[in-house]
Asker: 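What follows is a structure written as structure tokens; I'll ask about it next.
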Amino acid sequence: MCHVIVTCRSMLWTILSIVVAFGELIAFMSADWLIGKAKSTDSDSRTGGQQEPYRPTLGIYGRCIKMPQVPYFRKDTLCGPYAEHFNEIASGFWQATAIFLAVGISILCIVAFVSVFTMCVQSVMKKSIFNVCGLLQGIAGLFLILGLILYPAGWGSQKVVGYCGHYAAAYKLGECSLGWAFYTAIGGTVLTFICAVFSAQAEIATSSDKVQEEIEEGKNLICLL
């Protein structure tokens with residue numbers, strides 16, 4: 001019989017696991033990892049005046065640039081992948097970063113999916129799902145760390161130099177600044193390890209004496225705050 005067990009700690013762990021997975025996925029797909037040096041644009045065809053300089057953004061495999069004003073074309077910022085194939089990514093370091101982040105995020109997405117069902121199923125083959133998921137989150141966190149460590153090593157690539165100026169080099173930004181996606185990836189990595197540790201608390205909460213007492217009383221829905 002399935003007993004639906006909801007506790008404050010297990011619910012918090014589930015929510016955090018989902019938030020971390022989506023946060024890392026959005027950061028990975030974003031083009032806002034690097035904010036390039038200011039560039040000038042052509043004069044505005046509608047007003048005849050000079051437009052303010054803008055700063056293009058560059059991601060691991062995508063970029064956002066500002067297009068010249070074109071009649072009947074509302075959107076002047078074009079975002080999309082600059083690399084159509086994996087080997088076209090800016091540098092070997094970024095290719096490794098993409099692999100490590102993709103593996104880590106894939107694990108986090110699997111854990112986020114499984115975490116939803118931990119309210120009903122707490123163990124499989126006598127193994128605690130919380131403990132297994134916590135271990136997987138720890139492994140995912142290591143992949144994310146490796147990816148984030150290798151990412152700045154690719155700042156010396158020709159692609160980045162075009163955005164950040166000639167002073168850009170490995171672990172040197174040049175005229176660029178870091179975008180929100182990089183900080184989101186770091187924050188998500190920290191939360192990943194917090195989730196891995198907190199999974200033990202979720203396991204303790206769902207196997208406590210109070211839970212066992214309510215199971216013995218024949219309750220199928222157990223909610224403990």
Side-chain angles (χ1 to χ4, degrees), residues 19-106 108 141 143-192:
V19 169
V20 165
F22 275 99
E24 288 286 352
L25 180 61
I26 291 171
F28 179 70
M29 296 175 63
S30 172
D32 291 326
W33 283 72
L34 284 179
I35 302 175
K37 61 181 180 180
K39 293 186 177 181
S40 60
T41 57
D42 298 332
S43 60
D44 193 328
S45 60
R46 292 173 295 184
T47 63
Q50 188 73 20
Q51 290 186 328
E52 292 183 1
Y54 79 102
R55 302 189 70 177
T57 59
L58 181 66
I60 296 172
Y61 65 89
R63 53 91 178 98
C64 284
I65 57 175
K66 198 167 187 177
M67 302 295 292
Q69 291 291 340
V70 179
Y72 310 109
F73 191 72
R74 296 180 181 179
K75 197 172 182 181
D76 60 353
T77 302
L78 178 65
C79 295
Y82 68 81
E84 294 183 0
H85 304 285
F86 181 76
N87 57 5
E88 294 178 357
I89 292 176
S91 73
F93 290 109
W94 281 18
Q95 291 174 5
T97 294
I99 292 173
F100 284 127
L101 292 184
V103 172
I105 292 170
S106 298
L108 290 179
F143 278 108
L144 295 177
I145 286 177
L146 288 173
L148 292 174
I149 289 174
L150 289 174
Y151 172 70
W155 291 347
S157 66
Q158 189 174 7
K159 186 77 173 179
V160 176
V161 169
Y163 277 74
C164 304
H166 295 291
Y167 292 105
Y171 298 95
K172 292 182 180 180
L173 277 173
E175 298 178 52
C176 282
S177 59
L178 293 171
W180 65 265
F182 180 78
Y183 293 112
T184 300
I186 291 178
T189 302
V190 174
L191 282 177
T192 296

Asker: Is there a side-chain contact between L148 and F100, using heavy atoms and a 4.5 Å cut-off?
Answerer: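 Not touching, per the 4.5 Å side-chain cut-off.
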Asker: When rounded to the nearest 0.5 angstrom, what is the spacing between CD1 in I65 and OH in Y82?
Answerer: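 Those atoms lie 13.5 Å apart.
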Asker: Does atom CZ of F22 have more than 12 heavy-atom neighbours from other groups under 6.0 Å away?
Answerer: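 Atom CZ in F22 is not packed in, count stays at 12 or less.
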Asker: Do the numbers put K172 on top of the ring of Y167, so that NZ or CZ is under 6.0 Å from the six-membered ring centre and no more than 45° off the axis?
Answerer: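 Cation-pi check for K172 and Y167: fails.
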Asker: Look at the side chain of E24 and the backbone N and O of V20, then say whether any donor-acceptor pair between them is shorter than 3.5 Å.
Answerer: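 Between the backbone of V20 and the side chain of E24 there is no qualifying donor-acceptor contact (under 3.5 Å).
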Asker: Near F143 CZ, under 6.0 Å, is it more than 12 heavy atoms from other residues, nucleotides or ligands?
Answerer: no
Asker: So, does Y163 use its side chain to make a donor-acceptor pair with the main chain of E175 at under 3.5 Å?
Answerer: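 Pair absent, no side-chain N/O of Y163 close to backbone of E175.
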Asker: Donor-acceptor pair, distance only, cut-off 3.5 Å: does the side chain of W94 make one with the backbone of Y151?
Answerer: yes
Asker: Can you tell me how far apart OG1 (T189) and CG (L144) are? Round to the nearest 0.5 Å.
Answerer: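 Answer for the OG1-CG pair, T189 versus L144, is 4.5 Å.
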Asker: Heavy atoms only: give me the nearest A27-A185 pair and the separation to one decimal.
Answerer: CB-N, 4.1 Å
Asker: Is the side chain of T192 donor-acceptor paired with the backbone N or O of G188 at a distance under 3.5 Å, no angle test?
Answerer: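 Yes, the answer is positive, given that a donor and an acceptor are paired below the 3.5 Å cut-off.
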Asker: CD1/I145 to CD1/I186 distance, rounded to the nearest 0.5 angstrom?
Answerer: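 The CD1 atom of I145 sits 10.5 Å away from the CD1 atom of I186.
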Asker: I60 and I89: which non-hydrogen atoms are nearest, and at how many Å?
Answerer: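 Scanning both residues completely, I find the closest heavy atoms to be O-CG2, 3.5 Å.
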Asker: To the nearest 0.5 Å, what is the distance between CG (L58) and CZ (R63)?
Answerer: 9.5 Å
Asker: Can you check whether R55 reaches S177 side chain to side chain, under 4.5 Å on heavy atoms?
Answerer: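 SC-SC contact between R55 and S177 confirmed.
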Asker: Measure the shortest side-chain to side-chain distance between I35 and W180 over non-hydrogen atoms and say whether it is less than 4.5 angstrom.
Answerer: no
Asker: CG/L101 to CG/L25 distance, rounded to the nearest 0.5 angstrom?
Answerer: 11.0 Å
Asker: What's the shortest heavy-atom distance between C176 and G36, and which atoms?
Answerer: SG-CA, 3.5 Å
Asker: How close do A98 and F86 get, counting heavy atoms only, and between which atoms?
Answerer: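 Taking A98 first and F86 second, the nearest heavy atoms are CB-CE1, 4.2 Å.
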Asker: As an exercise, state the distance from CE of M29 to CD1 of I105, rounded to the nearest 0.5 Å.
Answerer: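 Reported value, rounded in 0.5 Å steps: 9.5 Å.
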Asker: Taking the side chain as every heavy atom from C-beta outward, state whether L34 and C164 have any atom pair closer than 4.5 Å.
Answerer: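 In contact.
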Asker: T57 side chain to D32 main-chain N or O, any donor-acceptor pair under 3.5 Å?
Answerer: no
Asker: Looking only at heavy atoms, what is the nearest atom pair of L150 and F93, with distance?
Answerer: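 Residues L150 and F93, closest heavy atoms: O-CB, 3.6 Å.
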Asker: Of all heavy-atom pairs between A168 and V160, which one has the smallest distance, and what is that distance?
Answerer: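 Looking at all heavy atoms of both residues, the closest pair is CB-CG1, 4.5 Å.
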